[in-house]
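Below: one structure, written as structure tokens.
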Amino acid sequence: MCCLLSRVFSLFKALKMNLIQAIHVRILTVLVVTIYIGLQCDCREAEFNYVTCGSLVKLLNTRHNVRLHSHDVKYGSGSGQQSVTGVESADDANSYWRIRGKPNADCQRGAPIQCGQAIRITHMNTGRNLHTHHFVSPLSGNQEVSAFGENGEGDDLDVWMVQCSGSHWERDDAVRFKHPSTEVFLSVTGEQYGHPIRGQREVHGMTSANHNNYWKAMEGVFIKTSLEPQHHDEL
């Protein structure tokens with residue numbers, strides 16, 4: 001009887017140790033899976049941190065708190081092309097712009113825009129590209145900025161270079177847009193129009209990099225590499 005009890009006790013100890021080891025293994029497995037899922041989520045969230053090719057955004061001038069805007073109103077002087085202004089309203093549908101690659105260059109839909117990358121910024125409602133050229137802006141005497149082209153196609157003066165501090169254009173960062181052909185920066189200095197676009201600010205090109213030419217991506221639809229539109233505040 002004593003021998004039998006001893007064997008039962010030994011078997012119980014062995015089972016107990018195996019059970020404890022199994023619990024430990026299970027806990028470790030759950031922990032590893034949880035960490036892996038967490039890392040995967042962090043990676044997916046990181047994709048949301050960038051402005052990507054194909055994204056539809058509003059661009060806020062951080063110095064003057066106005067959004068880049070256009071409409072089918074032509075300049076009465078200079079080039080006579082479609083005017084580009086800055087507006088204080090956050091909910092104006094004419095302030096949406098699509099981020100695109102430069103002509104004849106691959107810009108994969110959903111790919112994060114790199115710092116230093118050449119892009120086109122196309123007005124959603126009129127299909128014209130953000131553009132500048134050697135015309136004098138009507139209010140400040142800087143370089144005129146207009147919207148040019150048809151159905152998203154214009155010329156080489158529609159190309160802008162994204163200037164930012166990291167490797168890619170992050171949504172939370174203020175960036176500059178430099179025009180490589182004329183070497184001006186997309187800027188606002190506060191001059192206001194009268195009729196028929198009363199209160200809207202002049203947008204123009206400036207030769208110097210300063211606090212008037214910082215822009216930040218605000219409301220919009222940010223396209224992921226998976227081609228799925230993810231973040232949309234108003235659309």
Side-chain angles (χ1 to χ4, degrees), residues 51 57-100 102 116 118-149 154-165 169 173-220:
V51 177
V57 300
K58 292 183 178 180
L59 297 169
L60 177 75
N61 182 278
T62 59
R63 172 67 177 83
H64 296 277
N65 200 37
V66 292
R67 285 163 172 77
L68 188 68
H69 180 90
S70 191
H71 37 224
D72 197 11
V73 176
K74 306 295 192 295
Y75 286 120
S77 60
S79 68
Q81 293 176 4
Q82 181 172 303
S83 59
V84 173
T85 63
V87 297
E88 293 181 353
S89 174
D91 57 3
D92 194 316
N94 273 318
S95 299
Y96 280 110
W97 301 80
R98 189 171 299 281
I99 306 302
R100 305 168 62 216
K102 67 178 184 178
I119 62 169
R120 285 177 293 178
I121 304 173
T122 303
H123 190 240
M124 180 187 74
N125 283 349
T126 63
R128 296 190 171 98
N129 298 319
L130 190 69
H131 179 98
T132 191
H133 38 213
H134 293 295
F135 287 90
V136 176
S137 62
L139 301 182
S140 67
N142 287 296
Q143 185 166 297
E144 180 192 276
V145 170
S146 65
F148 174 75
D155 61 25
D156 290 342
L157 294 177
D158 300 338
V159 175
W160 298 82
M161 197 83 70
V162 180
Q163 290 193 345
C164 42
S165 56
W169 178 4
D173 284 351
V175 304
R176 289 190 173 103
F177 302 105
K178 186 173 184 180
H179 194 250
S181 295
T182 62
E183 298 189 340
V184 298
F185 295 90
L186 184 69
S187 305
V188 177
T189 50
E191 294 82 3
Q192 295 189 24
Y193 287 103
H195 182 78
I197 49 176
R198 184 176 303 278
Q200 296 187 20
R201 310 293 180 88
E202 181 186 79
V203 173
H204 48 250
M206 298 184 71
T207 56
S208 61
N210 56 56
H211 58 278
N212 293 303
N213 34 64
Y214 276 117
W215 300 84
K216 184 177 178 181
M218 301 297 288
E219 306 84 2

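Along the sequence shown, residues carry numbers from 1. What you see below is based on every heavy atom in this structure, not just the backbone, and it leaves out hydrogens, waters and symmetry mates.
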**OP:** Give a yes or no on whether the backbone of Asp173 and the side-chain of Tyr214 come within a donor-acceptor separation of less than 3.5 Å.
**Re:** no

Subject >> Pair Val188-Val203, side chain to side chain contact (heavy atoms under 4.5 Å, CB included): steps then yes or no >> reply: CA-CA 5 Å; Val188 177; Val203 173; 3.9 Å; yes

Original post:
What residues form a side-chain contact (heavy atoms from CB on, under 4.5 Å) with Gln163, not counting sequence neighbours?
Top reply: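 Partners of Gln163 under the side-chain contact (heavy atoms from CB on, under 4.5 Å) test: Arg176, Lys178, Phe185.
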
From [X] atom [atom1] to [Y] atom [atom2], the distance as rounded to the nearest 0.5 Å:
X	Y	atom1	atom2	answer
Thr126	Asp72	OG1	CG	7.0 Å
Lys58	His69	NZ	NE2	10.0 Å
Thr132	Leu157	OG1	CG	8.0 Å
Leu130	Leu68	CG	CG	5.5 Å
Tyr193	Arg201	OH	CZ	12.0 Å
Ser146	His123	OG	NE2	12.5 Å

Original post:
Which atom names give the shortest non-hydrogen contact between Thr62 and Ala174, and what distance separates them?
Top reply: CG2-CB, 4.4 Å

Do the side chains of [Y] and [X] get nearer than 4.5 Å, heavy atoms only?
X	Y	result
Val162	Trp215	no
Val159	Pro180	yes
Asp155	His131	yes
Leu186	His179	no

Subject >> Modelled atom types, side-chain donor and acceptor of Ser83 and His71, under 3.5 Å >> reply: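 Present: a donor and an acceptor within the cut-off.
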
**OP:** Would you kindly say whether His204 and Ser140 are connected by a side-chain donor-acceptor distance under 3.5 Å?
**Re:**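 Yes, because at least one side-chain N or O of His204 sits under 3.5 Å from a partner of the opposite role on Ser140.
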
Original post:
Taking only residues two or more places apart in sequence, or in another chain, which ones meet Glu183 in a salt bridge (Lys or Arg N to Asp or Glu O under 4.0 Å)?
Top reply: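 None.
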
**OP:** Assess whether side chain to side chain contact (heavy atoms under 4.5 Å, CB included) is satisfied between Ser79 and His133, documenting all intermediate values.
**Re:** CA-CA 9 Å; Ser79 68; His133 38 213; 3.6 Å; yes

Original post:
Are there more than 12 heavy atoms of other residues, nucleotides or ligands under 6.0 Å from atom CZ of Phe177?
Top reply: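 Above 12, so yes.
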
